[in-house]
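Everything quoted here is computed from the prediction, not taken from an experiment. When a residue number appears, it is its place in the shown sequence, counting from 1.
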Amino acid sequence: MTGSKTIKDATIKDVARLAGVSPSTVSYALSGKRSVSEAVQGRVQAAIRTLDYAPSTLGRNLRRGRSAAVGLVYPLPLSLVADCLEAVADELADAYTLTLFARPVTPQGLLEALRERRVDGLLLMQITRDDPRASALRGGEQPVVLIGRPADPSGLTLVDFDFEEAAYRSLAHLDGLGHRRVGIIDFPASQQAEGLGYALYLQRGCERARQDFGLGLVRQEAPAGTEGAYRATAALLRAAPDLTAVVALLGNVHAGVLRALHDHGKSVPDDVSLISFGAPEAAAWAVPRLTSVDVPLAEMGRTGARLLLQKMAGAGTQQQVIFPARLTERESTAPPGGSFGLL
């Protein structure tokens, strides 16, 4: 083999040719499924070093009946759940690669991906109240974990956040301060019509609070992003100039809300109190520091990945983890007409 050159992207056939053996013998030498002589093993290893051959992990895994890949059926835009996706990737990095499925993916398509071993397990996001994927994968045998909750969660392993209680607690906090007229920066009607679980749970929480506290709620839907939140807040102020508080249900859009309030001559919390949903770091560094509901997207992703690893290892049982809603009071909420920001 003296003088042989490295072959870019060498195959098992190249290794076999250089070692003077058959491709199947190379495969046996690599996998250990059958014994080969020390001499042959030495020639195979020398050929591998010479050619800088990298055995196909995917091929080996498929022969073993696994793909070493996890399918992630993710929502669009990705920016809304970036923390969750990053946590999933970090948790799986040591053993699995992620295969991303852009929605929509049919239940049949997901079942085929599992049956054909293109993926060893599935993480589903953007769950609707009557999600056909959940119905098809229900039962606990499939290595599937949902990040979200359908109307009927029976027979499913899932991770979710208590969005209904989060909305209710936000409005209960404002009621306790004396607010009677509250603006809601809401999810687009298209997401509500689609039946997305979190949007409907938030609406349920708002309605329950309205009935319990007799609040006047003024809703304004907004597309995702800072500009959408700015325009929605401006529309709220035009529609209800007497409102004294705003709850931004969309995550991490407080910059747009604060700017719109400022541009309309409203001070927070002297004129308008504000509660935001999203990452605690963003709320804590805003001016003023925002009273917020912190949605633990990273922890939800991490927990979902761990549950899926357990299921793929055959050790997982059906589990449903619902992260509780917590409201952190900071400087952006006060009684109508007067501030008492926390220091």
Regarding Arg129 and Asp152, does a basic nitrogen lie under 4.0 Å from an acidic carboxylate oxygen? no
Given the options Arg210, Arg180, Arg169, Asp175 meets salt bridge (charged side-chain N to carboxylate O under 4.0 Å, His left out) only with Arg180
Do Gln220 and Asp186 have side chains that get closer than 4.5 Å, going by heavy atoms? no
Kindly say whether Gly256 contributes a backbone atom to a donor-acceptor pair with the side chain of Glu227 at under 3.5 angstrom? no
Side chains of Gln203 and Arg219: do they bring a donor and an acceptor to under 3.5 Å? yes
A side-chain contact here means heavy atoms from C-beta on lying under 4.5 Å apart; do Val88 and Leu123 qualify? yes
Quick test of your reading of the model: are Glu207 and Arg204 salt-bridged, counting only N-O distances below 4.0 Å? no
Flag the pair Val246 / Ile275 as yes when at least one side-chain heavy-atom distance between them is below 4.5 Å, and no otherwise. no
Under the side-chain contact (heavy atoms from CB on, under 4.5 Å) criterion, do Ile147 and Asp160 qualify, and how do the steps go? CA-CA 6 Å; Ile147 300 181; Asp160 201 10; over 6 Å; no
What residues, two or more places apart in sequence or in another chain, satisfy ring pair (Phe, Tyr, Trp, His ring centres under 6.0 Å) together with Phe277? none
Cation-pi check for Tyr168 against Arg208: NZ or CZ below 6.0 Å from the six-membered ring centre and within 45 degrees of the axis, yes or no? yes
Given 3.5 Å as the limit, does a donor-acceptor pair link the side chain of Glu331 with the main chain of Leu290, or not? no
Short side-chain to backbone donor-acceptor contact, His179 and Ala334, under 3.5 Å: yes
Going through the distances and angles, do Val295 and Phe323 end up as a side-chain contact (heavy atoms from CB on, under 4.5 Å)? CA-CA 9 Å; Val295 183; Phe323 284 85; over 6 Å; no
Distance-only polar pair, side chains of Tyr230 and Asp263, donor-acceptor under 3.5 Å: yes
Got a donor-acceptor contact below 3.5 angstrom from the Glu221 side chain to the Pro188 backbone? no
Begin from the C-alpha positions of Cys206 and Leu217 and carry the test side-chain contact (heavy atoms from CB on, under 4.5 Å) through to its verdict. CA-CA 8 Å; Cys206 288; Leu217 301 182; 4.3 Å; yes
Find the distance between CZ (Arg181) and CG (Leu174) and round it off to the nearest 0.5 Å. 14.5 Å
When rounded to the nearest 0.5 angstrom, what distance separates CG in Leu158 from CE in Met300? 9.5 Å
Lys311 and Val145, any side-chain heavy atoms less than 4.5 Å apart: yes
By the definition side-chain contact (heavy atoms from CB on, under 4.5 Å), identify the one residue from Val182, Leu237, Ile184 that meets it with Leu243. Leu237
Taking Ala46's backbone N and O only, do any of them form a donor-acceptor pair with Thr50's side chain (distance below 3.5 Å, no angle check)? yes
If you measure only the distance, is there a donor-acceptor pair under 3.5 Å linking the side chains of His173 and Thr291? no
Side chains of Arg149 and Tyr198: any donor to acceptor distance under 3.5 Å? no
If you define the side chain from C-beta out and look only at heavy atoms, does anything of Leu124 sit under 4.5 Å from Leu72? no
Taken to the nearest 0.5 Å, the spacing of Leu146 CG from Gln126 CD works out to 12.0 Å
Are any of the side-chain heavy atoms of Val73 and Arg133 separated by less than 4.5 Å? yes
Is there a side-chain contact between Leu307 and Val321 in this structure, where contact means two heavy atoms from C-beta onward sitting under 4.5 Å apart? yes
Side chains of Arg330 and Ser292: is there a donor and an acceptor less than 3.5 Å apart? yes
So, the side chain of Ser332 versus the backbone of Leu274: is there a donor-acceptor pair under 3.5 Å, distance only? yes
So, taking the atom named CZ in Arg43 and the one named CD1 in Ile48, what distance separates them when rounded to the nearest 0.5 Å? 13.0 Å
If we only count heavy atoms from C-beta on, is the Val119 to Val70 side-chain gap below 4.5 Å? no
Kindly indicate, with the supporting measurements, whether the criterion side-chain contact (heavy atoms from CB on, under 4.5 Å) is fulfilled by Val293 and Ser170. CA-CA 8 Å; Val293 171; Ser170 298; 3.4 Å; yes
So, does Asp212 use its side chain to make a donor-acceptor pair with the main chain of Ala209 at under 3.5 Å? no
